Amino acid sequence: MASFTVTQHKDQIALQTAELTLAFSLDDGGLRRLQRAGGSNLIGYGQPQPAIDVQVGLDSTWLADRVFVRHLRHTLHEDGAAVVLEIVIGIGPLMITDRYQITGTLIARTVTVHNVSEDTIRLRGLRLLVPWVRAGELESCRFEAPGSSVRPRVPLRVAAAQRRNVLPRRFFAPGLRFGRAFEQAPDASSGLLAVADPISQETLLCWYVGGTSPADPMVEGNDAAVTLAHEVNCAEPIAGDARMVV
């Protein structure tokens, strides 16, 4: 049986297991803290943001940029040796369950998209975020993507200079192909993104395991940290009251 404790402080809920502590916002359901037992917080070195965004419609609108993402509820339960936390958020006409299954220091994340409207919604993409990661001091921390043929191995400050929707610079991705720094996962790569610090001896790895929907690994910086993201290409209509799992 897995053991865990839950505490709530103001606008956050924190889950603590024997090996990890995670904290989530009670406003937008976003991940605010992630740390090993005895370690430092690895995320949140930037403006708070939701951990999920969805792209809909013929104009490919990303909803979190236009509407308020709201936390609706959360549940916790044990599943053998794992602790399962489900955060339910609302984004426009969609209700999304962000499910974290925690076993030791491994977190498996699954997302269910529920169209709670009566109209069919054309879903085009789903963006899963690990916001503003830094494993130690900016000067000693490094970013790597060893699952990619480009394989950048750079100081974190170089990766933190990258911006979303801006073509990656050659000194970050010298093998840039077709405007991409990383191949799609899981068909062409694992989509593995890593931030590590040899001084603090902390490492955070993030990768994508999907079924029929490929994902684009992405990095966005704010000059102090990087958000690790996987943008899942799941272009299909969702009828009223229908669900889709990623």
Side-chain angles (χ1 to χ4, degrees), residues 23 25 28 30-36 39-55 60-66 69 107 109 125-186 188-208 214-233:
S25 167
D28 60 20
L31 189 61
R32 296 291 189 263
R33 184 153 52 101
L34 173 61
Q35 62 189 97
R36 292 189 306 144
S40 59
N41 185 21
L42 299 178
I43 66 170
Y45 294 92
Q47 185 70 25
Q49 60 180 319
I52 288 179
D53 199 355
V54 288
Q55 188 183 41
S60 301
T61 298
W62 287 99
L63 287 184
D65 294 334
R66 302 181 120 181
V69 179
I107 303 173
R109 190 177 181 190
L126 178 71
R127 187 180 286 152
L128 305 177
L129 307 172
V130 183
W132 307 128
V133 178
R134 200 171 76 204
E137 296 299 324
L138 180 63
E139 299 307 317
S140 59
C141 207
R142 298 190 62 81
F143 169 83
E144 298 190 28
S148 169
S149 63
V150 176
R151 295 180 184 173
R153 302 183 65 183
V154 296
L156 184 64
R157 59 177 174 75
V158 174
Q162 307 307 305
R163 296 294 186 266
R164 185 186 299 173
N165 299 325
V166 175
L167 195 66
R169 299 179 181 180
R170 291 286 177 175
F171 59 79
F172 173 70
L176 192 66
R177 300 178 182 179
F178 309 111
R180 298 174 184 263
F182 315 115
E183 292 94 345
Q184 282 191 328
S189 76
S190 65
L192 177 60
L193 306 173
V195 175
D197 181 61
I199 296 178
S200 67
Q201 297 185 343
E202 295 282 9
T203 300
L204 180 63
L205 307 175
C206 181
W207 66 97
Y208 176 77
D216 290 311
M218 300 171 58
V219 172
E220 180 180 17
N222 64 357
D223 297 324
V226 291
T227 287
L228 308 180
H230 288 87
E231 193 172 293
V232 185
N233 302 308

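This is a predicted model, so every value here is computed, not measured.
- To the nearest 0.5 angstrom, L129 atom CG is 8.5 Å from I52 atom CD1.
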Please evaluate residues T61 and R66 with respect to the criterion side chain to side chain contact (heavy atoms under 4.5 Å, CB included), reporting the C-alpha separation (whole Å), side-chain torsions for both, the decisive distance (0.1 Å), and the verdict.
CA-CA 8 Å; T61 298; R66 302 181 120 181; 3.0 Å; yes

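- With hydrogens and angles ignored, the 3.5 Å screen pairs no side-chain donor or acceptor of N233 with any backbone N or O of A215.
- Taking every heavy atom of both residues into account, P214 and P186 meet most closely at CA-CD, 4.4 Å.
- Side chains of L193 and F143 form a contact here, defined as non-hydrogen atoms less than 4.5 Å apart.
- The minimum heavy-atom distance between C206 and V130, with the atom names listed, is SG-CG2, 4.0 Å.
- Atoms CG and CD, on D216 and E231 in that order, are 6.0 Å from each other to the nearest 0.5 Å.
- The two residues A224 and A160 come nearest to each other via the heavy atoms N-CB, 4.0 Å.
- L156 CG to E139 CD: the interatomic distance, rounded to the nearest 0.5 Å, is 9.5 Å.
- Remark: side-chain polar atoms of R32 are not paired, donor with acceptor, to backbone N or O of G44 under 3.5 angstrom.
- Under a 3.5 Å cut-off, the side chain of S200 and the backbone N or O of A135 do form a donor-acceptor pair.
- Counting only heavy atoms from C-beta outward, the side chains of L42 and E202 approach each other to under 4.5 Å.
- Nearest heavy-atom pair, C141 versus V195, reported as atom, atom and distance to 0.1 Å: SG-CG1, 3.5 Å.
- Put simply, the side chain of Q35 gets close to the backbone of G39: a donor and an acceptor are under 3.5 Å apart.
- One distance of note links CG of L128 with CG of L228; it measures 12.0 Å at 0.5 Å rounding.
- Within a 6.0 Å radius of CZ in R33, other residues, nucleotides and ligands contribute more than 12 heavy atoms.
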Starting from the C-alpha separation in whole Å, work towards a yes-or-no answer on side chain to side chain contact (heavy atoms under 4.5 Å, CB included) for W132 and I43.
CA-CA 5 Å; W132 307 128; I43 66 170; 5.9 Å; no

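- The distance from the NE2 atom of H230 to the CG atom of L126 is 12.5 Å, given to the nearest 0.5 Å.
- Without hydrogens or angle criteria, D53 side chain to W62 main chain gives no donor-acceptor distance under 3.5 Å.
- Looking at D223 and R163, their side chains come closer than 4.5 Å, going by heavy atoms from C-beta outward.
- Evaluation of the side-chain contact (heavy atoms from CB on, under 4.5 Å) rule for A194 yields L205 as partners, not counting sequence neighbours.
- Of all the heavy atoms in N41 and L34, the pair that sits closest is OD1-N, 2.9 Å.
- When the options Q49, R127, Q162, E220 are evaluated for a side-chain hydrogen bond (donor to acceptor under 3.5 Å, both in side chains) with T227, the one that passes is Q49.
- Considering all non-hydrogen atoms of both residues, A185 and P217 come closest at N-CD, 4.5 Å.
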